[in-house]
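When a ligand or atom number is given, it counts from 1 through the structure's own listing order. Throughout, residue positions are numbered sequentially from 1 according to the sequence presented.
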Amino acid sequence: MAKIKGTIVVDKERCKGCGVCVASCPCDVLKLSAEVNGKGYPVAMMANPDACIGCASCAVICPDSVITVYRQKFE
Ligand code: SF4
Ligand code: SF4
């Protein structure tokens with residue numbers, strides 16, 4: 001069966017560090033960074049990228065739509 005691997009890209013300068021995406025991820029992929037963006041907010045990042053299944057939960061729930069999800073299929 002084909003396996004799906006996902007990855008996400010966060011628009012760092014538009015992220016406000018609310019953490020909603022972190023809580024929404026079923027695979028415990030995301031966390032907030034220790035560093036802050038230009039507005040002084042921590043930003044969402046992949047702490048555990050190998051676990052991402054590309055489900056897009058994080059992107060759907062982000063109130064500012066700053067997450068883009070990419071999926072790759074492996075046969
Ligand atoms: S796409 Fe799904 S698995 Fe990947 S980081 Fe977002 S919520 Fe987690
Ligand atoms: S839900 Fe959106 S704005 Fe909030 S921390 Fe995640 S990426 Fe940033």
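Counting heavy atoms from C-beta outward, L30 and I8 have side chains that approach closer than 4.5 Å. For the pair I53 and I4, the minimum side-chain heavy-atom distance is 4.5 Å or more. Residues S33 and V43 form a side-chain contact, since some pair of their non-hydrogen atoms from C-beta on lies under 4.5 Å apart.
The residue V43 has no part lying near ligand 2, judged by heavy-atom distances below 4.0 Å. Of the heavy atoms in A59, none comes closer than 4.0 Å to ligand 1.
Counting the atoms of ligand 1 from 1 in the order shown, those under 4.0 Å from a heavy atom of C52 are 1 (S), 3 (S), 4 (Fe), 5 (S). Close approach of ligand 2 to I67 (heavy-atom distance below 4.0 Å) involves ligand atoms 7 (S). Counting atoms of ligand 2 from 1 in the listed order, those under 4.0 Å from a heavy atom of G17 are 5 (S), 8 (Fe). Taking a cut-off of under 4.0 Å to the non-hydrogen atoms of I53, the atoms of ligand 1 that pass are 3 (S). The distance from ligand 1 to the heavy atoms of A56 drops below 4.0 Å at these ligand atoms: 1 (S), 2 (Fe). Against a heavy-atom cut-off of under 4.0 Å, P63 is close to the following atoms of ligand 2: 1 (S).
Listed here is the closest heavy atom pair of K16 and Y41: CA-CD1, 3.5 Å. The nearest pair of heavy atoms linking I61 to C21 is CG2-CA, 4.0 Å. Residue R14 comes nearest to D64 through the heavy atom pair NH2-O, 3.1 Å, listed as atom of the first residue, atom of the second, then distance. Nearest heavy-atom pair across E13 and K39 is O-NZ, 3.0 Å. When all heavy atoms of A44 and C15 are compared, the closest pair comes out as N-SG, 3.6 Å. When every heavy atom of K73 is checked against every heavy atom of A2, the shortest pair comes out as CE-CB, 3.6 Å.
Cluster membership check: V29 shares its hydrophobic cluster with V22, using side-chain heavy-atom separations under 4.5 Å among Ile, Leu, Val, Met, Phe, Trp and Tyr. A continuous path of Ile, Leu, Val, Met, Phe, Trp and Tyr side chains, each step under 4.5 Å between heavy atoms, connects M46 with L32, placing both in one hydrophobic cluster.
For the ligand labelled ligand 1, residue G54 lies inside the 4.0 Å heavy-atom shell. S65 does not count as a contact of ligand 2, since none of its heavy atoms falls under 4.0 Å from the ligand.
Atom 4 (Fe) of ligand 2 has C18 SG, 2.2 Å as its closest protein atom, hydrogens excluded (heavy atom only). In terms of protein heavy-atom proximity, atom 6 (Fe) of ligand 2 is closest to C21 SG, 2.3 Å. Among all non-hydrogen protein atoms, the one lying nearest atom 8 (Fe) of ligand 2 is C15 SG, 2.3 Å. From the protein, the heavy atom lying nearest to atom 3 (S) of ligand 2 is K16 N, 3.5 Å. Of all protein heavy atoms, the one lying nearest to atom 7 (S) of ligand 2 is V66 CG2, 3.5 Å. Looking only at heavy atoms of the protein, atom 2 (Fe) of ligand 1 is closest to C55 SG, 2.3 Å.
Taking backbone and side chain together, C58 holds no N, O or S atom under 2.8 Å from atom 6 (Fe) of ligand 2. For atom 8 (Fe) of ligand 2, the set of nearby N, O or S atoms under 2.8 Å includes none belonging to C62.
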